[in-house]
Amino acid sequence: MPVKPLVVAFVALMCSGSFAGANDACSGLVPEETMVRLAGVDAAGDPVLTDGRSLRLLGLAPRQDAAEATRFADAILGWRDKDLLLLAQAGVDRWGRTTARLFPADGQSDEGAPDLASLLLRSGSASVMPEPGLVGCDGNAGTIAAQNREQGSSRAIDGHDIAALKAQEGRLILLEGRIASVGERSQRTYINFSRRRGEAASIVLSQKLWRDLKDAGWTASGLSGKRLRAHGILSGRDGLLLDVTSRLALELVD
């Protein structure tokens, strides 16, 4: 179906310096020339378009349990067969999904929650995944920070609680601990809650993210002894590595 004049104007706004130029992740999202529609969710619980493509919505974490998967699917079905504007990254991930943002094409969402991911978060139908593409696209940093605060330290897992950590392997968690050391490597930087391997969790950062943090004043020596709260997916060979991809997912508590 042809692009409506309203959508053409919206695409121009999204590609302006106010949105797309703000960071690399957002500038990698490009508007399509036609509308898309949702068919529902696939067997893995990911949104599916009527043309058969599966999506990973930017800023949303994998569903953490069956109840959340059901809430997410119900919310997606509420947008089925409605015109949506797709902003997608080129290529697909290893599961064949296109990373994208979806915007109502007829102004059905308000200015404070412009895309479907934001609406799903507001309704409690999804969990937030802090990642670089959110800030530059529409200033969602405040939304993410507020949700992280709402989770609060009462839900944070202590970085030394090995049993609790292993029970959460593969899940999105809020982790908290006092930094014992920082290990800078050629490709990754590790923020360790213990100097002994296997005794506590570590946070792994990409070289680019660590460089951005250093530009903001973080140093390996300066972090020692500080308490850190981090939001990410727990993984690694022994289930004690927290993969963090955005500055939004890190907070120095003291």
Side-chain angles (χ1 to χ4, degrees), residues 41 43-46 56-73 93-95 97 99 120-121 124-132 144-145 147-210 213 218 220 223-254:
V41 297
D46 292 313
R56 182 183 78 83
L57 295 183
L58 189 67
L60 298 187
R63 270 58 69 195
Q64 300 298 291
D65 52 41
E68 185 173 313
T70 298
R71 290 195 301 271
F72 181 81
D93 65 14
R94 57 178 172 167
W95 294 282
R97 303 174 303 178
T99 299
L120 291 169
L121 290 171
S125 302
S127 299
V128 69
M129 169 66 82
E131 52 187 333
I144 294 173
Q147 292 210 10
N148 286 344
R149 287 194 298 271
E150 286 174 7
Q151 286 191 330
S153 59
S154 62
R155 291 186 57 186
I157 297 178
D158 189 301
H160 288 83
D161 190 340
I162 303 299
L165 290 168
K166 289 187 177 297
Q168 296 297 317
E169 185 175 358
R171 296 171 62 88
L172 178 73
I173 69 165
L174 187 63
L175 180 70
E176 186 172 328
R178 198 166 295 281
I179 300 170
S181 67
V182 176
E184 297 180 85
R185 304 290 186 266
S186 58
Q187 299 298 321
R188 297 286 186 270
T189 291
Y190 296 87
I191 298 178
N192 306 307
F193 290 151
S194 174
R195 293 182 180 275
R196 295 181 179 178
R197 182 172 178 175
E199 191 174 69
S202 296
I203 296 166
V204 58
L205 313 174
S206 68
Q207 187 181 49
K208 181 182 184 303
L209 178 54
W210 178 238
L213 290 170
W218 292 40
L223 288 175
S224 180
K226 293 187 179 296
R227 182 166 290 276
L228 179 70
R229 189 175 296 157
H231 201 141
I233 299 291
L234 193 64
S235 60
R237 185 175 61 186
D238 51 6
L240 297 179
L241 287 180
L242 190 77
D243 188 18
V244 171
T245 60
S246 170
R247 289 178 58 183
L248 296 177
L250 297 166
E251 177 188 4
L252 287 174
V253 182
D254 58 29

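Computed from heavy atoms alone, side chains included, the values below leave out hydrogens, waters and symmetry copies.
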Run the numbers on Leu60 and Phe72 for side chain to side chain contact (heavy atoms under 4.5 Å, CB included), then give the verdict.
CA-CA 10 Å; Leu60 298 187; Phe72 181 81; 3.8 Å; yes
With rounding to the nearest 0.5 Å, note down the distance linking [atom1] in [X] to [atom2] in [Y].
X      : Y      : atom1 : atom2 : result
Asp243 : Ser202 : CG    : OG    : 12.5 Å
Asn192 : Leu240 : CG    : CG    : 11.0 Å
Gln207 : Gln187 : CD    : CD    : 5.5 Å
Arg56  : Asp46  : CZ    : CG    : 9.5 Å

Sort out for me which residue in His231, Glu68, Arg63 forms a side-chain hydrogen bond (donor to acceptor under 3.5 Å, both in side chains) with Ser127.
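Of all the options given, the one that passes is Glu68.
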Within a strict 4.5 Å, meaning less than it, do heavy atoms of the [X] and [Y] side chains meet?
X      : Y      : result
Arg247 : Leu209 : yes
Ile203 : Ile179 : no
Leu234 : Ile157 : no

Criterion side chain to side chain contact (heavy atoms under 4.5 Å, CB included) on Leu205 and Leu250, from CA distance to verdict:
CA-CA 11 Å; Leu205 313 174; Leu250 297 166; 4.1 Å; yes
Do you know which two heavy atoms are closest between [X] and [Y], and how far apart they sit?
X      : Y      : answer
Arg71  : Gly124 : NE-O, 3.2 Å
Ser181 : Ser194 : OG-O, 4.3 Å
Phe193 : Leu228 : CZ-O, 4.2 Å
Ala180 : Arg195 : O-NH2, 3.1 Å
Ala220 : Glu184 : CB-OE2, 3.8 Å
Glu199 : Ile162 : O-CD1, 3.5 Å

Kindly check if the number of other-residue, nucleotide or ligand heavy atoms within 6.0 Å of NZ (Lys226) is above 12?
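No.
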Check this for me, if you would: do Arg178 and Asp158 make a salt bridge, where the nitrogen-to-carboxylate-oxygen distance has to be below 4.0 angstrom?
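Salt bridge between Arg178 and Asp158, a charged N being under 4.0 Å from a carboxylate O: no.
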Could you walk me through whether Leu175 and Leu165 pass the side chain to side chain contact (heavy atoms under 4.5 Å, CB included) test, one step at a time?
CA-CA 9 Å; Leu175 180 70; Leu165 290 168; 3.7 Å; yes
Side chain to side chain contact (heavy atoms under 4.5 Å, CB included), that's the test. Do Leu57 and Leu120 meet it? Break it down for me.
CA-CA 10 Å; Leu57 295 183; Leu120 291 169; 4.0 Å; yes
Option from Leu242, Ile173, Leu172 for which side-chain contact (heavy atoms from CB on, under 4.5 Å) with Ile233 holds:
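Of all the options given, the one that passes is Leu172.
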